[in-house]
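Here the structure is laid out as structure tokens; the discussion comes afterwards.
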Amino acid sequence: MEPRDVLVVLFDGLQSLDLTGPVEVFDGANHGAPGAYRIRTASLDGRPVRTSSGLVLTPDLALPDTAPPHTLLVPGGEGTGHPDPRLIAWLRTHAPRARRKVSVCSGALLLAEAGLLDGRRATTHWMLCGTLAERFPAVRVEPEPIYVRDGDLATSAGVTAGIDLALALVEEDLGRDLALTIARHLVVFLRRPGNQTQFSAQLAAQTAQRRPLRDVQQWITENPAADLSVDALAARALLSPRHFARAFREETGMTPGRYVDRVRLEAARRSLEDTTDGIGQVARRCGYGTPEAMRRAFLRVLGTSPAEYRRRFQPSAPPIPTV
């Protein structure tokens, strides 16, 4: 097997996990398929760099001495805030020669600065999506997915999403079985779908300050099929419905109904991705009551039906009953 060269760009202030996560995935592939990837690191002048956490990394060589790789990996980190102009110039000239361009987290800002994301779909850490869109209006920023593939370009969200993207690339290169073996070794989930949202319901909402409201948030998450009406939740918090609704919105940033909708949709997506249960069973377990109610929720938020969602993100699953 001809090895696929993976070149990792190093610079001061990079986030170490943005680099080590994907590298561990590619190295893990070499254990199952010896020689599948040849991993090298390079900095501008070949000198060691210091990560944002203080680790010092010694590169294999200098960027000017590298040949066009199969996969160019650009990590993120604090160092992307004020990048060395020489690095941007190198990316602008040499990155297009790589067969596959990959960024993790704020590494997308470096690719965008070099003009490599113009007219392309891309994502980055959710906290930086607004910055990416504002600074580079030619980039089609997608703020929710954990990674986005657009031809020979792949960009991922923050930190651990780089592992998800690397697993998807290994699966594309060498097959699902090997990617699954690596995921098990690293104790991570295989194939979180690329357009799985960066935001869980708990992350999208603020955590309530008062203990009764925090307990209600947890109860909703653990019991999506329960009676989650405002009256029922208010009784659990020992508050009047009106007081509860007002306090919940003030402390979490969203209404109880919207929070419940997010939790139920998230639970349904996980069930469709991770189980072989029928659509009707998933709908009942996640609080929708009927498959049609769940279908309407999926179409409204995701623009696709539950059955189609499952077909897209559980590709190796056997045929699933709908009841």
Side-chain angles (χ1 to χ4, degrees), residues 1-9 15-41 69-76 98-105 107-108 121-125 142 144-198 200 266 269-277 304 308-320:
M1 178 185 299
E2 185 69 21
R4 295 171 174 84
D5 285 318
V6 177
L7 179 63
V8 185
V9 176
Q15 178 149 323
S16 57
L17 191 57
D18 287 359
L19 177 154
T20 56
V23 165
E24 288 293 340
V25 171
F26 291 124
D27 180 66
N30 284 335
H31 292 281
Y37 297 101
R38 182 165 51 208
I39 305 165
R40 297 173 300 158
T41 59
H70 177 278
T71 299
L72 179 70
L73 176 64
V74 181
R99 290 179 57 185
R100 191 161 62 191
K101 277 72 71 176
V102 178
S103 70
V104 180
C105 196
R121 296 166 47 247
T123 193
T124 184
H125 191 289
E142 299 190 6
E144 289 218 355
I146 59 173
Y147 61 82
V148 170
R149 303 287 305 275
D150 187 342
D152 63 353
L153 179 70
T155 54
S156 74
V159 194
T160 57
I163 296 176
D164 295 296
L165 176 53
L167 285 168
L169 297 177
V170 169
E171 181 175 356
E172 175 184 290
D173 293 341
L174 303 170
R176 181 178 176 83
D177 288 345
L178 180 56
L180 178 58
T181 298
I182 299 167
R184 286 172 174 163
H185 177 72
L186 296 177
V187 197
V188 296
F189 290 105
L190 175 63
R191 201 164 175 69
R192 277 201 300 171
N195 76 341
Q196 179 169 311
T197 181
Q198 295 188 41
S200 68
E266 185 178 323
R269 290 173 68 166
R270 285 200 307 267
S271 290
L272 293 171
E273 293 164 15
D274 299 337
T275 76
T276 58
D277 296 337
T304 189
E308 177 60 24
Y309 184 89
R310 170 169 268 166
R311 277 193 291 271
R312 290 173 62 189
F313 300 125
Q314 200 183 49
S316 63
I320 305 300

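This is a predicted model, so every value here is computed, not measured. No hydrogens, no waters, no symmetry mates; every other heavy atom, side chains included, goes into these values.
Residue Thr160 holds its OG1 atom at 8.0 Å from CD1 of Ile146, rounded to the nearest 0.5 Å. Here OG1 of Thr71 is found 6.5 Å from CG of Leu169. Values are rounded to the nearest 0.5 Å. Considering NE2 of His70 and CZ of Arg99, their distance stands at 4.0 Å, rounded to 0.5 Å. We find the CG-OG distance between Leu153 and Ser103 to be 6.5 Å, quoted to the nearest 0.5 Å.
Sorted by first then second residue, the salt bridge (charged side-chain N to carboxylate O under 4.0 Å, His left out) pairs that include residues 29-39, not counting sequence neighbours, are Asp5-Arg38. Residue pairs meeting the salt bridge (charged side-chain N to carboxylate O under 4.0 Å, His left out) criterion with at least one member in residues 15-37, sequence neighbours excluded, do not occur.
In plain terms, the two heavy atoms of His125 and Gly158 that are nearest each other are CD2-CA, 3.6 Å. Residues Leu165 and Val102 come closest through the heavy atom pair CD2-CG1, 3.6 Å. Nearest heavy atoms, Ala166 versus Pro22: CB-CA, 3.8 Å. In plain terms, the two heavy atoms of Arg310 and Ser271 that are nearest each other are NH2-O, 3.5 Å. What you find for Leu174 and Ala36 is that their closest heavy atoms are CD1-CB, 3.7 Å. Closest non-hydrogen pair, Leu19 versus Pro75, comes out as N-CB, 4.3 Å.
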Derivation and outcome, side chain to side chain contact (heavy atoms under 4.5 Å, CB included), residues Arg149 and Glu172: CA-CA 12 Å; Arg149 303 287 305 275; Glu172 175 184 290; 2.8 Å; yes
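Lys101 and Asp152 are joined by a salt bridge, as a carboxylate oxygen and a charged side-chain nitrogen come within less than 4.0 angstrom of each other. The existence of a salt bridge linking Arg311 and Glu308 is confirmed by a sub-4.0 Å separation between a basic side-chain nitrogen and an acidic carboxylate oxygen.
Not one N or O on the side chain of Thr124 forms a donor-acceptor pair closer than 3.5 Å with the backbone of Ala157. Distance alone, capped at 3.5 Å, is enough to place a donor-acceptor pair between the Thr155 side chain and the Thr123 backbone.
Residues that satisfy the side-chain hydrogen bond (donor to acceptor under 3.5 Å, both in side chains) test with Asp173, not counting sequence neighbours, are Tyr37, Arg100. For the side-chain hydrogen bond (donor to acceptor under 3.5 Å, both in side chains) test, no residue two or more places apart in sequence or in another chain qualifies with Arg40. For Arg121, the side-chain hydrogen bond (donor to acceptor under 3.5 Å, both in side chains) partners two or more places apart in sequence, or in a different chain, are Glu142. Taking Asn30 as the reference, nothing meets the side-chain hydrogen bond (donor to acceptor under 3.5 Å, both in side chains) condition, with sequence neighbours excluded.
You'll find the side chain of Leu7 stays beyond 4.5 Å of the side chain of Leu73, heavy atoms only. Between Ile182 and Leu186 the shortest side-chain heavy-atom distance falls below 4.5 Å.
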